[in-house]
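First up is the structure itself, then whatever we jot down about it.
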Amino acid sequence: MNADLNQFVRESLLRGVPRDTIRSTLAEAGWRPEEVAAALGAWAETEFPVPVPRRRTYLSAREAFLYLVLFVTLYTTAFNVGAMLFQFIERWLPDRAITRGYSAERFSPRALRDAAAALLIAFPVFVLLSRYVGGLIAREPDKRGSKVRKWLTYVTLFIAALVILGDLIFLVARLLSGELPPRFLARVAVVGGIAGYVFGHYLADLRRDEDDHRAAPARGPSPLARVAAGVVIVTLATGLWAAGSPVKARREEIDQKRLGELQQISQGIETYYTERRSLPGSLEAVLLLPTVTIESIQDPVSLRAYEYLPVDSTSYELCASFDQPSAEGAKAYDAVPNASRFWSHPAGRHCFRLEIPQRLREPARP
């Protein structure tokens, strides 16, 4: 509150000037109605010789902590709901022209599980803190004027506005680059729905505060807030179902580890061929080279050595046993360079027929 305005109102009330007269005089001087209302509201309307100040609510460190955690969990919930919905789009509205071949599918069960883990922690905390803070405001409506609460609310509006602008620019760029219209519309709906709800909800909350900061808060969550909570719960449940069970996740991790170790072994064999001009007699011979780094030549579960079978002078086989087909087990392994030859495999024992690249067969020039 402006110090000069507050001092003027106090002295006017002290001299017995009616409130309506003070209000009209300040309006003629250019003060906004909400500023005048706040200045007059700071003094109680009592029959007392001097103006009596109303009790002001001071924000404690505990309340600042509650608001900070509340808004951080809000951001975490909104971000991860969007991440899960985008994964649903990748799974049920894939662009075959992009996801086919080397790049594999963009849908990632691991990304779904990471987002679900964040939601399982952040969303319940957000709901509990929202109810608790709502109870505090119901008992003391003046707490709605908390500066920390207003600052964080405006920061939330700013972030929501940036998300809306940034994502829409990105999505339009994807559309201009050939993104399929159904995928584009689905992504726009996700971004607009999440950021628009957060922006609209907190903007309306600020407007209520500005209209009458002493108005009693509504009891319980609004119908729209209940719908939003339902969307979060349904999204979380669908994500957990789409990601699969923890047993399946562990099998995926183990299969990915097998693929990574086979990739290292293959690179080691190529290094051996480059230095010795022949295939190694065994995997142990590859390990003896100081220039080769292989994490393990044994299966991580059975601890049996991977099978290595020379076929001729430049080709060989690497065999391993997998827990599930590559269509499920190797989706998240597309970040490994030149690993596409390991993608296609069934569940169970499978051998990969590999050859030394032609560029390595040519003798080094002096």
Side-chain angles (χ1 to χ4, degrees), residues 38 41 54-85 112-164 189-241:
R54 294 183 184 275
R55 176 180 175 273
R56 294 183 180 180
T57 301
Y58 295 92
L59 184 70
S60 65
R62 179 178 66 89
E63 291 170 343
F65 166 77
L66 290 176
Y67 282 124
L68 287 171
V69 176
L70 176 68
F71 280 89
V72 167
T73 54
L74 168 66
Y75 303 151
T76 304
T77 298
F79 176 82
N80 286 282
V81 167
M84 296 187 79
L85 292 175
L112 270 182
R113 295 187 191 101
D114 292 343
L119 280 180
L120 285 171
I121 300 301
F123 182 63
V125 174
F126 172 73
V127 172
L128 292 175
L129 283 180
S130 296
R131 293 177 63 88
Y132 182 74
V133 171
L136 291 178
I137 294 177
R139 290 191 295 272
E140 297 184 59
D142 287 342
K143 289 185 180 294
R144 294 183 65 88
S146 164
K147 291 184 177 180
V148 171
R149 176 176 174 272
K150 287 189 174 182
W151 268 101
L152 289 175
T153 301
Y154 276 112
V155 169
T156 300
L157 293 176
F158 176 70
I159 294 175
L162 288 183
V163 168
I164 293 174
V190 169
V191 174
I194 296 175
Y197 170 77
V198 172
F199 189 90
H201 173 77
Y202 284 97
L203 182 62
D205 197 44
L206 285 175
R207 286 178 175 174
R208 285 195 301 268
D209 292 347
E210 293 174 355
D211 291 341
D212 187 359
H213 71 284
R214 298 185 187 282
R219 294 184 178 180
S222 64
L224 189 58
R226 295 180 185 273
V227 171
V231 170
V232 173
I233 294 173
V234 171
T235 301
L236 176 59
T238 306
L240 291 174
W241 170 79

request  = Could you list the residues that satisfy side-chain hydrogen bond (donor to acceptor under 3.5 Å, both in side chains) with R62, not counting sequence neighbours?
outcome  = Y132
Test side chain to side chain contact (heavy atoms under 4.5 Å, CB included) applied to V155 - qualifying residues, sequence neighbours left out = Y75, I159
ask   = Sequence neighbours excluded, which residues qualify as side chain to side chain contact (heavy atoms under 4.5 Å, CB included) partners of A161?
value = F199
inquiry  = So which atom in L70 and which in S130 form the shortest heavy-atom distance, rounded to 0.1 Å?
reply    = CD1-OG, 3.3 Å
inquiry  = Would you say CD1 of I121 has more than 12 non-hydrogen atoms from neighbouring residues, nucleotides or ligands within 6.0 angstrom?
reply    = no
ask   = Can you name the residues that form a side chain to side chain contact (heavy atoms under 4.5 Å, CB included) with A116, not counting sequence neighbours?
value = M84, L236, L240
key: Point-to-point distance, once rounded to the nearest 0.5 Å, from OH of Y154 to CG of L203   = 8.0 Å
remark   = Closest non-hydrogen atoms of T235 and V81, given as atom of the first, atom of the second and distance, are CG2-O, 4.3 Å
ask   = Under the side chain to side chain contact (heavy atoms under 4.5 Å, CB included) test, which residues partner L152, sequence neighbours left out?
value = Y67, L68, F71, V148
ask   = What pairs of residues pass the side chain to side chain donor-acceptor pair (under 3.5 Å) test when at least one of them lies in residues 189-202, not counting sequence neighbours?
value = none
Separation of T153 OG1 from L74 CG (nearest 0.5 Å) = 9.5 Å
inquiry  = Can you give me the closest heavy-atom contact between P124 and L119, atom names plus distance?
reply    = CD-O, 3.4 Å
inquiry  = Using side-chain heavy atoms (C-beta onward) and a distance below 4.5 Å, is F123 in contact with I233?
reply    = yes
request  = Enumerate the residue pairs fulfilling salt bridge (Lys or Arg N to Asp or Glu O under 4.0 Å) with a member in residues 112-132, sequence neighbours excluded, ordered by first and then second residue.
outcome  = R113-E252
message = Restricting to non-hydrogen atoms, name the atom on T76 and the atom on N80 that form the minimum distance, rounded to 0.1 Å.
response = O-ND2, 2.7 Å
request  = Heavy atoms only: give me the nearest A122-T73 pair and the separation to one decimal.
outcome  = O-CB, 3.7 Å
